[in-house]
Amino acid sequence: MKRIVNVVALGVIITVGLATYAVSGTEKETDWSLQVESNKKVWENRIVQVAKDSMDQPYTHINVTLNGSTPSNKGSYFKQLLDFQANFGEDSRSFKRALKQLDYAQRIWTTDGEMAIGQKDRDTLVLLKSKDGKEVDVTEFKQAREILESGWKGFYVYDGKVHLLYDQNYETTNHHVATFDESTKTFVTQKIDRSKTLIGGVVGAEWSWYPSAYQGQVATDNRYIPIRATALETLQEDTGEEYTSEMDLPGLFVYDAKENKVVTVNQSEELKGTLFKDQEYRAIRSDGTELIIDLNSLEQTTRQVIQGAVGSITYIDQLVYHVLPKKEGAMLEVYDEGEMVSRASIKAEGDSGQTSNQPVHYYVY
Amino acid sequence: MIEVLGVKKRYRNKQVIEDVSFTANKGEITCLIGLNGTGKSTILKGIMGLTPFDQGNVLIDGKPIDLNTVAFVPDHSTFPIHFSIEQCEAFMRDFYPKFDPKLFARLVDEFKLFPEDKLRELSKGTLAKVNLALGIAQDPDYLLLDEPFSGIDVFSKEQIVELFSSDIMEDRGVLITTHEIDDIEYLVDKAVMLNRGRIVREFDVEDVRFIHGKSIVDVMREEYGA
Amino acid sequence: MIIQFNTRSPVYIQVVDYFKKKMALGELKAGEEMPSRRELATELKINPNTVQKAFKEMEEQQLITTERNRPSRVTTDDHVLKRIRTELVDEAVAVFVESIQELDVTMDELVSKIKRQYGEGNLDDRGTGS
Amino acid sequence: MNVLKLISWELDRVKKSYLILVGILLLLQFGWLGAFLWRQNATYEEMRLEGMTGYTVSFINYIGSTIFTLSVGVAIVAMIFFSVWIWYRDFQGRGMFMMRLLTIPTGRMELFVAKFVTVMMLILGLFAIQWMALFLQYQLFSAWLNAKMIPLQGSFERAIQFDYLAMMYPESGFNFLVHQVLIAFVVLALFTFVLVERGLWQRTLWSPFLAICVVSGLIALPTFLIIYFDRYLFMDEQIGLFGLALIGMVFGLTLLSRRFLSKKMSV
């Protein structure tokens, strides 16, 4: 049985190899920790991503959560599976499954349930409505080729009906709106007279894959619908050749569903973050104040939210998440309706020296 | 007893074995005779389970084959040619529980073999003897030999024939295939003749000599019109 | 011990005849031990079963006797030995006669030839028991 | 116990060519590392003479080089070839060793398991040797650059996340297991192909083609199912379906192999 020595020899090579891999292979990434001083609940399924875009290294980011940090979204497939299931939103799985089968779908979250609109085939447009995420009523609109072959700018509910803004055969200045009548399964389209300010897209209603946490729950009877506005600008290539491109306009804009025209609310300011919620259109300005616009009367009210320096703002689950980078890590705050509800901080443990020379960005998901 | 019952086998478009049934008893030397290419080897390989029969059944002592009790010596060595005889023996010892090293040593001595020789260096006759030794050393109840004498030198032939009449082969069932009968005319108890995929004759050799005064070669001449 | 086997008559009978001749010629004395079955098979290079059959045949013809697991022995019964001898002679004569008949030789001519042939033959191998 | 003995015999027979393969791979890699460093040194000197600064070298440049990729490619192709050759080798020549193997008085599946484990161990062996070699190469790499004062960028850990190499350096043990299962699946598919072919080769000239059809058919069906349901399922359900399909295929392939090995194999 002296041949058994071959098995032993190969076995030894494999074990030594595995040891080398174990020692050298794994990532010695610096660990980051998220310390929450108050109200842990708002951080439960939040991820603070520390992104180090360093020149030579492939782009890496570290996801920091309440229970530790993992390098980018890697980690074992099993953990990735658990993460996926954790923030999938299990209860609206059937709505999401119906949504998944539509192409170029868009989705909004209204006070009476989730809605989505998408393309089923070359000729059919489908409207999905679901109050609880489980039962899904599907309405199909035939002969919708005209709408399907055009750029969708987002949809909204007004006067009990679903409306879709779209650019006829992708001409950015050729805005149209389609109004769908579910009972008769028909729709009417109407041209919107052209204005210099163009419709970029309905806030929070442009894509279906957009994490739903970023969508506010909107009312179904707002007259004014918050939109992203754009304008055409002619630019010159260095070769002297001219081309036009659509540029985002700073400021707040709404679409008058009654008169079918774009209304500019205020144009000047640099805004930190916006949210279309219920019957309000909210924005945080660089001075830390929150501007609230009533979407029926267009009345504006403001309130001071963030004292002192303002970092970056993200509206998540209709709360304001404020991140202010510091020398070491970053300070995090959460506001609900203008009141601070939680304070936390994130910093690197151990040798943070490695991170000092690289520019670091913080994003809250 | 080895019972071959109604076996059929087709190779691609040729029906090699039409319908073959015969028996080979324990303690007897049975010779399966047939001209070249009439499926003799296929039948042996079929009995060993090395080639599936399309139809039919093989029973050994009433049961499906038990590889512990049956040894097969094909007409060519089954070990890689870079193996030495020692390596072959080591392999046999590793995987054949009933392999008897003492018996093998005796055969090696009787055949005057040199264990360290590589199969590559051996003559066809010596190679045949090694194969035979490896087969017999398994101390099987049944021994299947495929053309043990074809193309080997006279002296090796003699040594092998001598072996068959020795005690080593006593009360084992031996099934030999050959197309040249004269080497073993006096060794065979029973002859089974194969022609065009069928068994045409199955007879006790001494009875035929006693009753018809015919040797096996005579019967072959009648059957194959050689 | 070399037997020239022929392939057409049963081998075991040729072995029996061989031993009969030896007994008749006195090469195998009465009561003498026979070679063992295995030795014989190896020496004659024939199938051990055939040797076994030959021994059984000889036992039936009371040429040999075998007590339990002791080597067989030539019979000591003179009658048997005599009978073998006459059997062999008759057989030889029968073969001789059969081959001569075709040549239609007269009886007298035949007798005188045999006398002369047999006389000379007699001179050199003396002393076989009559 | 028999399987272990069979494995040792299989390894014994493949030892020579395996060592040659490993020799070639190491020679290729270390030889190339030498050349690579030598060239870096030359270009760095040149840059310095022309007064250009900011020239840095990263281990990724070495790993990404064609020669290194070639060596890994050679290893992969060699292993795929060997998964088939470990069977066909026993059918070579008139004296088929397969005849001997098939008359061993133990179950034929022990032979299947032995050859399977042998191939997997050889693959793991190559992995192991590559881990050690790469680690060593990095030490040489950084030592040489430091000696020559050429700025080195990026760590070893960062470098091994370089696209296909991530397969060799999975982040966790679980991922490593998943990779090995997938490799094992490929080996199983190759084994099944061989066994089906060897079961049919005396029956029809088309046996290789038929074998490919059978095996790819058995694999295609679940794959088609996965693709078809892709529209309707989410990541967790897809993984579940994939796992189920994999188990089904493994089961199917093993059963097919067993049937052909024990009933249909023809020598």
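To find a chain, count down the sequence lines: A is the first, B the second, and so on, and within it residues start at 1. Please read all numbers here as calculations on a predicted model, not as lab measurements.
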Could you tell me whether D218(B) and R221(B) have a side-chain N and a carboxylate O separated by less than 4.0 Å?
-> yes

Before accepting this row, confirm whether a basic side-chain N of the pair R73(C)/E33(C) lies closer than 4.0 Å to the acidic partner's carboxylate O.
-> yes

For E170(B), is it the side chain, the backbone, both, or neither that has a heavy atom closer than 4.5 Å to a heavy atom of chain C?
-> side chain

Decide if atom CZ of R196(B) counts as having more than 12 heavy atoms of other residues, nucleotides or ligands within a radius under 6.0 Å.
-> no

Lys/Arg N to Asp/Glu carboxylate O, R172(B) vs D167(B), below 4.0 Å | no

Check whether F210(B) gets within reach of chain C through its side chain, its backbone, both or neither, counting any heavy atom under 4.5 Å.
-> both

Can you tell which of E185(B), K214(B), E206(B), H212(B) has the highest number of heavy-atom pairs within less than 4.5 Å of chain C?
-> E206(B)

Indicate yes or no: does K56(C) engage E59(C) in a salt bridge with an N to O separation below 4.0 Å.
-> no

Under 4.5 Å from any heavy atom of chain B - which part of S9(C) | backbone

Using non-hydrogen atoms only, which part of V188(B) is less than 4.5 Å away from chain C: side chain, backbone, both, or neither?
-> backbone

